[in-house]
Undergrad: 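What follows is a structure written as structure tokens; I'll ask about it next.
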Amino acid sequence: MRYAHEVGKVRAAERALMARLPDGALMQRAAAGLASVCARILPAVYGSRVVLLVGGGDNGGDALYAGARLARRGSRVHAVQAGSTIHEAGLAALRAAGGRLLSGGEDAAIAGADLIIDGLTGIGGTGGLRDPHARYAALASESAALVVACDVPSGVDASTGRVAGTAVHADVTVTFGTHKPGLLIDPGASYCGVVELVDIGLGPDLPDPDVVAARPPDVQPPEPGPESDKYRRGVLGILAGGPEFTGAAVLCTGGAVHGGAGMVRFASVAHPVELVRHRWPEAVTTVIEPGRHDAKVLERIGRVQAWVVGPGLGTGEAAESLLEAVLSTDLPVLVDADGLTVLSRRRDLLGRAAPTVLTPHAGELSRLIAADRADIEAARLDHVRRAAAELSATVLLKGSTTLVAEADRPVRVNPTGTPRLATAGTGDVLSGLTGALLAGGLPAMDAAAAGAYLHGLAARLAAAPTPGPDSPISADDVIKSLPAAFRAITQ
């Protein structure tokens with residue numbers, strides 16, 4: 001796992017460590033790591049033109065000391081001061097190594113640089129950048145130079161990923177001690193480029209993380225054993241599709257079939273059942289009549305280990321009755337799409353002891369928790385935590401960064417997402433896939449996080465099956481690539 005800690009916890013760990021170290025030692029560790037990364041990505045250190053954008057905080061000091069190290073290796077290093085203060089010891093080190101503090105020509109120096117180190121603000125920066133910081137951030141982002149952010153790109157809120165106005169677009173972000181949530185969560189993550197973690201010794205002083213992001217070995221879907229049969233592998237029940245929206249039924253079932261379910265029991269009105277039976281003959285299907293239903297309808301479908309309800313189901317009385325029946329069981333339930341719309345007016349159905357997974361996008365979440373969609377997209381971490389607490393559920397918030405939250409647990413960030421998933425039907429595939437993992441016995445949060453990871457990986461494999469540019473994909477392409485995604489995490 002990659003672990004991320006919010007700013008307050010990082011600051012506390014830094015204070016604890018600095019109390020045990022000689023004065024300035026922690027900054028020297030950070031500067032050494034920063035300079036090492038810069039030297040590695042420069043085509044040549046000797047003779048390179050390096051510009052330091054320096055604010056008045058510790059990140060400005062990190063940048064100055066890193067610049068001194070590069071100057072001693074032959075780089076031509078110039079510092080641009082933003083604001084009224086500067087780290088005096090760092091500036092003295094830079095000058096001693098042959099670097100200079102510019103007192104004119106700053107814009108031309110930025111435009112002509114080979115590498116720019118962004119030390120304008122640090123992890124404590126919140127809100128939008130003001131001039132001259134904003135102007136220097138814009139010039140750096142527009143330049144042809146390699147841009148390396150020190151700890152976090154200036155203008156990005158390190159704890160949340162919020163970006164209010166101008167921010168530095170970095171090619172590489174060198175972060176110290178631990179990841180910060182804003183480096184992993186959009187919109188901030190999209191400003192970071194490649195994130196390099198430099199160990200400065202904070203580990204023993206850091207508490208439990210606030211956010212975690214999986215690596216391939218961390219994703220462990222249920223594996224069949226020698227004694228497995230279709231029932232032991234997990235039977236998933238799906239209630240999806242209706243007269244108007246039949247594709248969701250087919251795609252959700254496909255996600256489950258290729259997601260490892262031992263058996264899929266699909267139920268709907270006649271036409272979606274006919275289409276699912278034709279496309280997925282391995283699914284066991286049940287036709288249910290239109291109109292309201294009581295809980296006995298589930299007995300006709302058969303025994304299952306988990307339910308998925310909602311994709312293409314409609315939002316009328318019939319859909320509401322099916323959702324009520326499923327949520328009255330003591331089985332894990334995943335609610336998606338139309339099911340979430342019904343829940344937005346029937347939140348009373350969520351008072352249950354069994355696991356419940358909700359998979360909204362920002363618009364659906366806005367209805368569930370009465371929040372503005374734009375506010376959710378700007379502060380995804382805050383809102384997914386709020387939703388998990390208010391709704392007493394595992395909440396998978398889909399979007400540019402998919403987040404999975406449960407109350408009082410670190411939020412899971414999915415690292416495999418791709419813009420190619422922004423096409424109709426891919427959410428239905430995710431529901432079926434995650435439902436299969438639930439039926440296979442994974443706890444709700446693990447199933448949601450693993451489903452998001454495999455879903456994103458399948459999309460990447462479908463979009464770029466061979467090295468080279470990726471290509472447009474459909475939801476069906478994601479289904480077809482799921483077996484390859486499962487293989488990839490075990491290699």
Side-chain angles (χ1 to χ4, degrees), residues 184-187 189-190 213-216 219 221 236 238 240-241 245-261 264 266 272 275-276 278-280 282-283 308 310-312 334 336-338 340 359-364 377 380 396-404 412-437 447-491:
L184 304 176
I185 299 169
D186 278 332
S190 65
R215 300 182 188 274
V219 182
L236 177 66
I238 297 177
F245 301 105
T246 56
V250 175
L251 294 168
C252 183
T253 303
V257 167
H258 280 284
V264 178
F266 175 82
L275 295 176
V276 167
H278 176 75
R279 180 66 178 84
W280 304 110
E282 53 269 82
V308 170
L334 183 149
D336 185 30
D338 287 341
L340 297 170
T359 58
H361 54 60
E364 291 163 336
E377 291 174 338
R380 301 176 60 79
L396 184 156
L397 176 57
K398 296 181 284 196
S400 57
T401 305
T402 292
L403 304 178
V404 182
R412 307 270 187 101
V413 177
N414 180 51
T416 64
T418 165
R420 294 299 186 189
L421 280 168
T423 187
T426 56
D428 304 318
V429 177
L430 175 62
S431 293
L433 166 62
T434 304
L437 299 172
Y453 191 101
L454 289 162
H455 185 249
L457 183 55
R460 289 177 177 238
L461 292 169
T466 58
D470 62 3
S471 60
I473 58 173
S474 69
D476 189 59
D477 294 324
V478 178
I479 294 173
K480 292 173 181 175
S481 293
L482 281 174
F486 275 84
R487 286 194 299 272
I489 63 172
T490 60
Q491 291 175 350

Undergrad: I'd like to check the side-chain hydrogen bond (donor to acceptor under 3.5 Å, both in side chains) partners of Thr402; sequence neighbours left out, ordered by chain and number.
TA: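 With sequence neighbours excluded, Thr402 shows a side-chain hydrogen bond (donor to acceptor under 3.5 Å, both in side chains) to no residue whatsoever.
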Undergrad: According to salt bridge (charged side-chain N to carboxylate O under 4.0 Å, His left out), who are the partners of Arg215, at least two apart in sequence or on a separate chain?
TA: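 Arg215 satisfies salt bridge (charged side-chain N to carboxylate O under 4.0 Å, His left out) with no residue once adjacent residues are dropped.
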Undergrad: Once rounded to the nearest 0.5 Å, what's the spacing between atom CG of Leu454 and atom CG of Asn414?
TA: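 Rounded to the nearest 0.5 Å, the CG-CG separation comes out at 9.0 Å.
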Undergrad: Nearest 0.5 Å, what's the NZ-CD1 distance between Lys480 and Ile473?
TA: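 Rounded to the nearest 0.5 Å, the NZ-CD1 separation comes to 12.0 Å.
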Undergrad: Looking at Ala462 and Ser471, what are the two nearest heavy atoms and their distance?
TA: O-OG, 4.5 Å
Undergrad: In terms of heavy-atom contacts, does CZ of Phe245 have more than 12 from other residues, nucleotides or ligands at under 6.0 Å?
TA: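 No - once you tally the heavy atoms of other residues, nucleotides and ligands closer than 6.0 Å, there are 12 at most.
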Undergrad: Please, which pairs that meet side-chain hydrogen bond (donor to acceptor under 3.5 Å, both in side chains) have at least one residue in residues 419-429, sequence neighbours excluded?
TA: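 Counting only pairs at least two positions apart or across chains, the side-chain hydrogen bond (donor to acceptor under 3.5 Å, both in side chains) contacts touching residues 419-429 are Arg420-Asp470.
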Undergrad: So, Arg380 side chain and Leu403 main chain: donor-acceptor pair closer than 3.5 Å or not?
TA: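 Between the backbone of Leu403 and the side chain of Arg380 there is no qualifying donor-acceptor contact (under 3.5 Å).
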Undergrad: Out of curiosity, Leu430 CG to Leu334 CG, how far, rounded to the nearest 0.5 Å?
TA: 7.5 Å
Undergrad: I'd like to know whether Arg279 forms a side-chain contact (heavy atoms from CB on, under 4.5 Å) with Asp476, so could you lay out the CA-CA distance, the side-chain angles of the two residues, the decisive distance to 0.1 Å, and finally the verdict.
TA: CA-CA 11 Å; Arg279 180 66 178 84; Asp476 189 59; 3.3 Å; yes
Undergrad: Closest approach of Ala248 and Gly312, non-hydrogen atoms and distance?
TA: CB-N, 3.7 Å
Undergrad: Which heavy atom in Leu457 sits nearest to a heavy atom in Ala485, and how many Å separate them?
TA: CD2-O, 3.7 Å
Undergrad: Looking at every non-hydrogen atom in both residues, tell me the closest pair between Val404 and Leu396 and how far apart they are.
TA: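 What the structure gives for the nearest pair is CG2-CG, 3.9 Å.
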Undergrad: Are the side chain of Arg460 and the backbone N or O of Gly417 linked by a donor-acceptor pair below 3.5 Å?
TA: yes
Undergrad: Any side-chain heavy-atom pair from Thr359 and Thr434 closer than 4.5 angstrom?
TA: no
Undergrad: Measuring only between side-chain heavy atoms, which start at C-beta, is Cys252 closer than 4.5 Å to Phe266?
TA: no
Undergrad: For the residue pair Tyr453 and Pro216, establish whether any side-chain heavy-atom pair is separated by less than 4.5 Å.
TA: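 Side chain of Tyr453 against side chain of Pro216, heavy atoms only: contact under 4.5 Å found.
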Undergrad: Take Val478 and His455 through the test side-chain contact (heavy atoms from CB on, under 4.5 Å) and record every step on the way to the result.
TA: CA-CA 7 Å; Val478 178; His455 185 249; 3.9 Å; yes
Undergrad: Please report the closest heavy-atom contact between Ala424 and Ala475, naming both atoms and the distance.
TA: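 The pair with the smallest heavy-atom distance is O-CB, 3.7 Å.
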Undergrad: First locate atom NE2 of His258, then atom OG1 of Thr253, and finally report the distance between them rounded to the nearest 0.5 Å.
TA: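 Between atom NE2 of His258 and atom OG1 of Thr253 there are 11.5 Å.
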Undergrad: Do you know the tightest heavy-atom contact between Val276 and Ala283?
TA: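 Looks like CG1-CB, 4.3 Å.
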Undergrad: Any side-chain heavy atom of Ser474 within less than 4.5 Å of one from Asp477?
TA: yes
Undergrad: Could you walk me through whether Val308 and Asp336 satisfy the side-chain contact (heavy atoms from CB on, under 4.5 Å) test, starting with their C-alpha distance in whole Å, then the side-chain angles of each, then the deciding distance to 0.1 Å, before giving a yes or no?
TA: CA-CA 8 Å; Val308 170; Asp336 185 30; 5.6 Å; no
Undergrad: Are the side chain of Thr401 and the backbone of Asp186 linked by a donor-acceptor contact shorter than 3.5 Å?
TA: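 Side chain of Thr401 to backbone of Asp186: a pair is present.
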